[in-house]
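Residue numbers start at 1 and run along the sequence shown. Not measured: the values here are computed from a predicted model. Just follow the structure's listing: the first ligand is 1, and inside any ligand the first atom is 1.
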Amino acid sequence: MPFAPPEKIVTIGEGQTILQQSSAVARYCGIDDGRLFLQYEGLNPSGSFKDNGMTAAVTHANMVGATQAACASTGNTSASLAIFGSCTNWLEVIVFVGSGKIAYGKLSQALDYGAKTIQLLGDFDDAMQRVREVCAQAGIYLCNSLNPFRLEGQKAIIYRVLESLAWEPPDWIVVPGGNLGNCSAFGKALLELKDLGLIDRIPRLAVINAAGANTLHELYEQKGLRWNGGRPDVAVRDDYFGEMESAGRRAATLASAIEINRPVSLSKALRALDACDGVVREVSDQAILDGKAQVGAGGFGCEPASGASVAGAKLLREEGVIAPSDRVVCILTGHQLKDPNVTVAYHSGDADDFDRLLRARGVQEAAHANQPVVVENDLEKILEVVARFD
Ligand code: F0G
C-alpha cells in the first residue's frame, strides 16, 4: 500500500534506469564474460541515484505541509532536491555545499533549478553539521539521508536490479560508500525481500571507499567495528573521530561525491554489512579514474565516484574474494556528464590540466586515456590522421 495519498505523491519520472551486462568491464575486472552487470542510476532525471530517495522525502514533505526543504551535499543530493523543487510550485529549496568541493555539472544544476545555494567555506562534513542545526532551529524540512524516507525510496534500486535479473540474486552488489545512505538502504531492502520470501538468499555487499575518505574501511576492516546486534562499540567510533579531529584530517579525493569523513549513516551501514556478509575496501583515485574510463569505453560512462564500484570489483577479484564465475552487479551512482573537468583532464593529454587537477591529487598516469588529436584544417593532414586510427 502506498504510504502517501495519491494527491500528495511527488514524482518526476525517477527510476527508469537499466542494468546492462558489460563484457569489456568484466574483462577489465577479471570476471567471466556475461557475469558482470552495471546498474546505471545516472539515468535518473537529475543524473544520479538520489532521485530514488528524494521522491519519497519530498512526498513526505508534502504530506506534512513543509514549504522549505534543505540538504547538505557533495553535489548530487543538492541537484536532486533542486530539481524536485523546480518541478513543484510549493517547495523552496536551500542547499549547502562545500565551496569548491562539488563538481561543476552538479553546481550548475542547483543554480539552474533555482535552489538557494549556500557555498559554505568548509567541506561536506561541515555543511552536514550546519544544515542539521539550521533545519532544527529554523523549522526547515531536512532531506539528507538521515531522513528515513530517503532510504525507503533508495531501496527501489535493489528492486530494479533484481527485477532485471529475473529475481535471481547476484553473488555480489558493489557500491561506492560516502555518507553510507545507499548501502544502508540496500541492506534493508535485501533483508526485507528475504523475509518476504521474494529472494531465497542475500547477495554479498561490497562497499567501496575512496582511499582519501575511508572512514568505513578503517572502522570496519582495520578496527573491527561491527553491528553487534544493534550495539556497535561506539567508543571505537568516537576514538577514531576524536583522533581525526586532533590530527585535523579532512577527506580528500577526486571522487568529490564521496569526499566524506563523517558518514551520517554509519550505524545503518554496519547493519547492512552484517546482513549481507559484507566487505569494505578502499581504492585510490588512480584506480577510480581508470575504472571510470573502462565504464566509458565499455558502456554508458559514469562519474568518478561510480568508478569506485568497478575499481572495487577489480580489487576484490584480484584478492580472490570475488571468484571469476561470480555474478557481480556494480552500482553506477552518477551520470557521465556530472564531472567533465576531471574526465577531460584524464583524457585530453593537456599537461597543465593533468598536473593541476589530477597529479596534484596523487594520480600518476591516465593509463586508459583517449586523447583527442589536434590537426590543421587541411584535408590531406586530416586524412593522414584518420589513416593512423586502427
Ligand atoms: N556516488 C555518488 C555519485 C554520490 O553522489 C554519492 C553520495 C555516493 C556515491 C555515495 O552514496 O552517500 O549513500 O554512501 N552523494 C551525496 C551527495 C553525499 O551529497 O550527493 P552514499
Side-chain angles (χ1 to χ4, degrees), residues 17 39-44 46-54 57 70-83 95-98 101-103 105-107 109-110 115 120 123-128 131 142-147 150-151 153-155 157-158 174-188 205-210 213-217 251 253-266 268-270 272-273 280 283 288 291-292 295 301-312 330-339 342:
T17 65
Q39 175 68 21
Y40 283 99
E41 287 302 312
L43 297 179
N44 276 293
S46 80
S48 87
F49 73 94
K50 304 286 181 179
D51 298 345
N52 291 289
M54 208 54 81
C71 68
S73 184
T74 54
N76 279 327
T77 303
S78 48
S80 180
L81 182 56
I83 200 174
V95 301
F96 289 60
V97 299
K101 292 288 186 184
I102 80 173
K106 305 174 189 181
L107 180 60
Q109 289 180 287
L120 192 74
D123 64 11
F124 173 82
D125 293 319
D126 299 319
M128 190 65 238
V131 78
L142 181 63
C143 279
N144 279 100
S145 52
L146 281 168
N147 179 324
R150 279 273 313 278
L151 299 195
Q154 282 171 214
K155 293 190 309 192
I157 300 167
I158 292 296
V174 190
V175 63
N179 221 11
L180 304 181
N182 220 20
C183 62
S184 302
F186 289 7
K188 187 166 190 285
L205 184 65
V207 183
I208 313 300
N209 276 164
N214 61 353
T215 294
L216 185 66
H217 180 260
T253 168
L254 275 168
S256 56
I258 51 175
E259 194 175 50
I260 296 171
N261 260 356
R262 291 176 175 271
V264 295
S265 294
L266 177 61
K268 291 175 187 169
L270 294 175
L273 288 164
V280 183
V283 290
I288 286 175
K292 169 180 149 25
V295 178
C302 63
E303 71 163 277
S306 314
S309 295
V310 170
C330 292
I331 309 294
L332 301 181
T333 44
H335 197 281
Q336 197 275 347
L337 291 172
K338 289 279 189 177
D339 196 346
V342 164

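The part of I258 lying near ligand 1 is the side chain, judged by heavy-atom distances below 4.0 Å.
Selection from M128, K338, K50, K106 by nearest heavy atom to atom 7 (C) of ligand 1 gives K50. When the heavy atoms of G98, S73, C71 are ranked by distance to atom 19 (O) of ligand 1, first place goes to S73.
At distances below 3.5 Å, at least one donor-acceptor pair connects side-chain atoms of D123 with backbone N or O atoms of D125. In this structure, S309 contributes its side chain and I331 its backbone to a donor-acceptor pair below 3.5 Å. Under a 3.5 Å cut-off, the side chain of N179 and the backbone N or O of V264 do form a donor-acceptor pair. Q109 contributes a side-chain N or O that, together with a main-chain N or O of S46, makes up a donor-acceptor pair within less than 3.5 Å. In terms of modelled atom types and a separation under 3.5 Å, the side chain of S145 and the main chain of R150 share no donor-acceptor contact.
Nearest protein heavy-atom neighbour of atom 5 (O) of ligand 1: N76 ND2, 2.8 Å. Given atom 11 (O) of ligand 1, the protein heavy atom at minimum distance is F49 CZ, 3.5 Å. Among protein heavy atoms, atom 17 (C) of ligand 1 sits closest to T77 OG1, 3.0 Å. Given atom 4 (C) of ligand 1, the protein heavy atom at minimum distance is A257 CB, 3.5 Å. Protein heavy atom at the shortest distance from atom 13 (O) of ligand 1 is N182 N, 2.8 Å. With respect to atom 2 (C) of ligand 1, the closest heavy atom belonging to the protein is T333 OG1, 3.3 Å.
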Kindly determine whether N76 and K106 satisfy side chain to side chain contact (heavy atoms under 4.5 Å, CB included), including the steps that lead there.
CA-CA 6 Å; N76 279 327; K106 305 174 189 181; 3.5 Å; yes
Test side chain to side chain contact (heavy atoms under 4.5 Å, CB included) on N209 and I258; report intermediate values, then the result.
CA-CA 8 Å; N209 276 164; I258 51 175; over 6 Å; no
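At least one N or O atom of N179, backbone or side chain, sits closer than 3.5 Å to an N or O atom of ligand 1. Of the polar atoms of T74, at least one N or O is found under 3.5 Å from an N or O of ligand 1, judged by distance alone. Geometrically, ligand 1 and G177 share no nitrogen or oxygen pair separated by less than 3.5 Å. Between F124 and ligand 1, no pair of N/O atoms sits closer than 3.5 Å.
Side-chain contact annotation: S48 with T333, donor-acceptor N/O pair under 3.5 Å absent.
For the residue pair C71 and S78, the shortest heavy atom distance occurs at SG-CA, 3.8 Å.
Here is the list of ligand 1 atoms found below 4.0 Å of a heavy atom in G181: 13 (O), 14 (O), 21 (P). Near I260, the atoms of ligand 1 lying under 4.0 angstrom from a non-hydrogen atom of the residue are 18 (C).
Using a 4.5 Å cut-off on side-chain heavy atoms (C-beta onward), T215 and R262 make no contact.
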